[in-house]
Amino acid sequence: MTTQPIISRAILAICVLAAGVALWVFPALFFPAPGANDAPILWNLPLPVVGLTLVGSLVAAARSRQRGDSKTGSIALGVYLIGVAAAFVIGLVVFANLSNDRYWPFLLSPVVFGSAGIAVLAVAVAGQRPSSSELIGGAVIGAMATVALVLWMLARGARDWLLAPYGFDICLLIALEAAVVFFVGGWWRSTPSMAHV
């Protein structure tokens, strides 16, 4: 009976890994020698992706609370969104140049993602005190995803924002990580509980 969840999670892990690899090679594959103004449509696409990610995060946290699920997933998601805000601040300090308007996400995103992360945490814990396991688990999962995002952004550097795809791939990565963080956090309780069955 435990084989099905293991197989499902293994398939999900493979799909997430494949999506991560696709996002990593996407810029080099589609823009091997990008010019300064290639694919200008991509300038405007990050905003809808960010909006959908944040709305989806709040809806997921609210539905999880409504169903009485483990709070670990929502806490992990809230911590991760706050971590995304921190990642943009790090990018701003390390390689962004405020004289170029293509770095506008580095100014706006910390406020937007940080506020959304606080809202998700508020939804997760309001009126229902989470257990220490949920708090620790959520914090660890969210922090690990944040570290991965920071390393990715630093590896991409300024080029990813100045030339195509203009940070669009990183916004997709944030959406992917947010979903993974929430689902992995939702599984947190299932492992110890199976030991009591």
Side-chain angles (χ1 to χ4, degrees), residues 5 8-9 12-13 15-17 19-20 23 46-94 96 104-154 156 167-193:
S8 299
R9 293 174 189 184
L12 179 61
C15 291
V16 169
L17 182 61
L23 283 175
L47 192 58
V49 173
V50 167
L52 288 172
T53 301
L54 297 182
V55 170
S57 297
L58 288 167
V59 169
R63 287 180 61 84
S64 177
R65 177 188 171 90
Q66 211 173 31
R67 291 193 303 262
D69 296 340
S70 168
K71 297 175 188 62
T72 308
S74 296
I75 291 170
L77 184 54
V79 169
Y80 173 66
L81 292 177
I82 293 171
V84 172
F88 276 96
V89 171
I90 292 170
L92 176 63
V93 171
V94 173
W104 67 265
F106 290 81
L107 288 175
L108 300 179
S109 296
V111 176
V112 173
F113 279 102
S115 301
I118 292 169
V120 168
L121 287 176
V123 169
V125 304
Q128 298 176 339
R129 184 177 178 183
S131 67
S132 58
S133 173
E134 290 172 326
L135 283 171
I136 294 170
V140 168
I141 294 168
M144 287 175 63
T146 298
V147 169
L149 175 64
V150 169
L151 292 176
W152 185 296
M153 285 180 65
L154 293 178
R156 286 290 201 220
F168 177 60
D169 55 324
I170 290 177
C171 292
L172 290 177
L173 173 67
I174 291 169
L176 175 65
E177 280 198 314
V180 171
V181 158
F182 181 74
F183 285 113
V184 170
W187 297 334
W188 187 265
R189 189 174 58 181
S190 64
T191 303
S193 65

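- Contact detail for G78 and V120: the closest heavy-atom pair is N-CG1, 3.7 Å.
- Across every non-hydrogen atom of L176 and A19, the tightest pair is CD2-CB, 3.9 Å.
- With R65 contributing its side chain and A126 its backbone, the two residues share a donor-acceptor pair below 3.5 Å.
- When all heavy atoms of G20 and W152 are compared, the closest pair comes out as O-CH2, 3.4 Å.
- Not one N or O on the side chain of S64 forms a donor-acceptor pair closer than 3.5 Å with the backbone of A60.
- The two residues E177 and A145 come nearest to each other via the heavy atoms OE2-O, 3.2 Å.
- In this structure, CG in D169 is found 10.0 Å from CD1 in I174, a value given to the nearest 0.5 Å.
- Residue L58 holds its CG atom at 11.0 Å from OG1 of T53, rounded to the nearest 0.5 Å.
- The CH2 atom of W187 lies 10.0 Å from the CD1 atom of I141; values are rounded to the nearest 0.5 Å.
- For R129, the CZ atom is loosely surrounded, since the number of other residues' heavy atoms within 6.0 Å does not exceed 12.
- Heavy-atom minimum distance, A178 versus Y80: N-CE2, 3.7 Å.
- Taking the side chain as every heavy atom from C-beta outward, L81 and L54 approach each other to under 4.5 Å.
- In terms of heavy-atom proximity, C171 sits nearest to P46 at SG-CB, 3.5 Å.
- Side-chain contact between V50 and S109 is absent, with no heavy atoms from C-beta onward closer than 4.5 Å.
- In this structure, T72 OG1 and F182 CZ are separated by 10.5 Å, a value rounded to the nearest 0.5 Å.
- Between F106 and F88, the two ring planes are perpendicular [angle over 60°; tilted spans 30° to 60°].
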